[in-house]
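A short worksheet on the structure shown next.
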Amino acid sequence: HYSTWSFQSEAAVTPEGIRKFVAALPASVIRAKGIARLTDGSHQLLQVVGQRRSLDKIESEQVSTKIVTIGLSRHFDAHELQGLADNLLR
């Protein structure tokens, strides 16, 4: 079985915050995808597949940051992910 956790914020995030968030994602997250609206006005596409993690600059008109994660239920801790988001993306 799988579990999901999602994050959405109208506030822009710092480039450093999104990099640290992606680096800090636990191994229990097997897939993540989203678009981060950055404080400098640019956007980054976040993708995680297994151990591969990437942030790529993209063109977007999106006015919020949206991230969705998927993991195996028995190891997935949504509270841990929310804590990471609260500390690094707000």
Side-chain angles (χ1 to χ4, degrees):
H1 291 91
Y2 297 94
S3 293
T4 63
W5 172 85
S6 61
F7 173 83
Q8 181 170 342
S9 176
E10 300 300 317
V13 301
T14 66
E16 180 182 10
I18 193 67
R19 281 193 303 272
K20 286 183 176 182
F21 177 80
V22 171
L25 287 172
S28 61
V29 173
I30 57 174
R31 182 76 171 102
K33 190 166 189 172
I35 296 176
R37 183 173 68 97
L38 303 182
T39 52
D40 66 6
S42 68
H43 292 79
Q44 288 192 343
L45 175 66
L46 174 161
Q47 296 196 77
V48 174
V49 180
Q51 295 301 312
R52 291 184 316 189
R53 297 159 189 250
S54 66
L55 282 169
D56 298 300
K57 188 172 182 175
I58 61 167
E59 296 294 324
S60 177
E61 298 297 321
Q62 187 167 299
V63 296
S64 62
T65 294
K66 296 179 183 178
I67 300 169
V68 176
T69 64
I70 300 169
L72 295 173
S73 293
R74 62 188 166 132
H75 301 293
F76 196 80
D77 186 349
H79 296 292
E80 177 184 9
L81 295 172
Q82 188 63 51
L84 287 173
D86 289 345
N87 288 332
L88 299 172
L89 302 179
R90 301 224 186 246

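What you are looking at is a predicted structure, and each value in this text was computed from that prediction instead of being measured. For reference, positions follow the sequence shown, starting with 1. All values below come from the heavy atoms of this structure, side chains included, with hydrogens, waters and symmetry mates left out.
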V49 versus R31, closest heavy-atom pair with distance: CG2-NH1, 3.6 Å
Hydrophobic cluster identity match, L72 and I70, side-chain contacts under 4.5 Å: yes
Contact summary for E10 and S64, nearest pair of heavy atoms: OE2-CB, 3.6 Å
Same apolar cluster: F21 and L38, side chain cutoff 4.5 Å: yes
I35 with V13, same ILVMFWY side-chain cluster at under 4.5 Å: no
Heavy atoms of other groups near Q8 CD, more than 12 under 6.0 Å: yes
side-chain contact (heavy atoms from CB on, under 4.5 Å) between I18 and L89, worked out: CA-CA 7 Å; I18 193 67; L89 302 179; 3.9 Å; yes
Main-chain N/O of Q47 paired with R52 side-chain donor or acceptor, under 3.5 Å: no
Where F76 and S3 come nearest, the two heavy atoms and their spacing: CD2-CB, 3.5 Å
Enclosure of R90 CZ (heavy-atom neighbours >12, cutoff 6.0 Å): yes
Value rounded to 0.5 Å, distance of CZ in R74 from OG in S28: 11.5 Å
Closest non-hydrogen atom pair, R53 against A23: NH1-O, 4.1 Å
N/O donor-acceptor pair under 3.5 Å between T39 side chain and A12 backbone: no
Contact summary for A32 and T69, nearest pair of heavy atoms: CB-CG2, 3.8 Å
Straight-line distance of L45 CG to S54 OG, nearest 0.5 Å: 6.5 Å
Short side-chain to backbone donor-acceptor contact, S73 and Y2, under 3.5 Å: yes
Backbone N/O of I67 and side chain of S6: donor-acceptor pair under 3.5 Å: no
Closest non-hydrogen atom pair between A27 and Q51, with its separation: CB-NE2, 4.3 Å
Connected via hydrophobic side-chain network under 4.5 Å: V48 and L84: yes
R37 side chain vs H43 backbone, donor-acceptor pair below 3.5 Å: no
Single-linkage hydrophobic cluster, 4.5 Å side-chain cutoff, W5 and I30 together: no
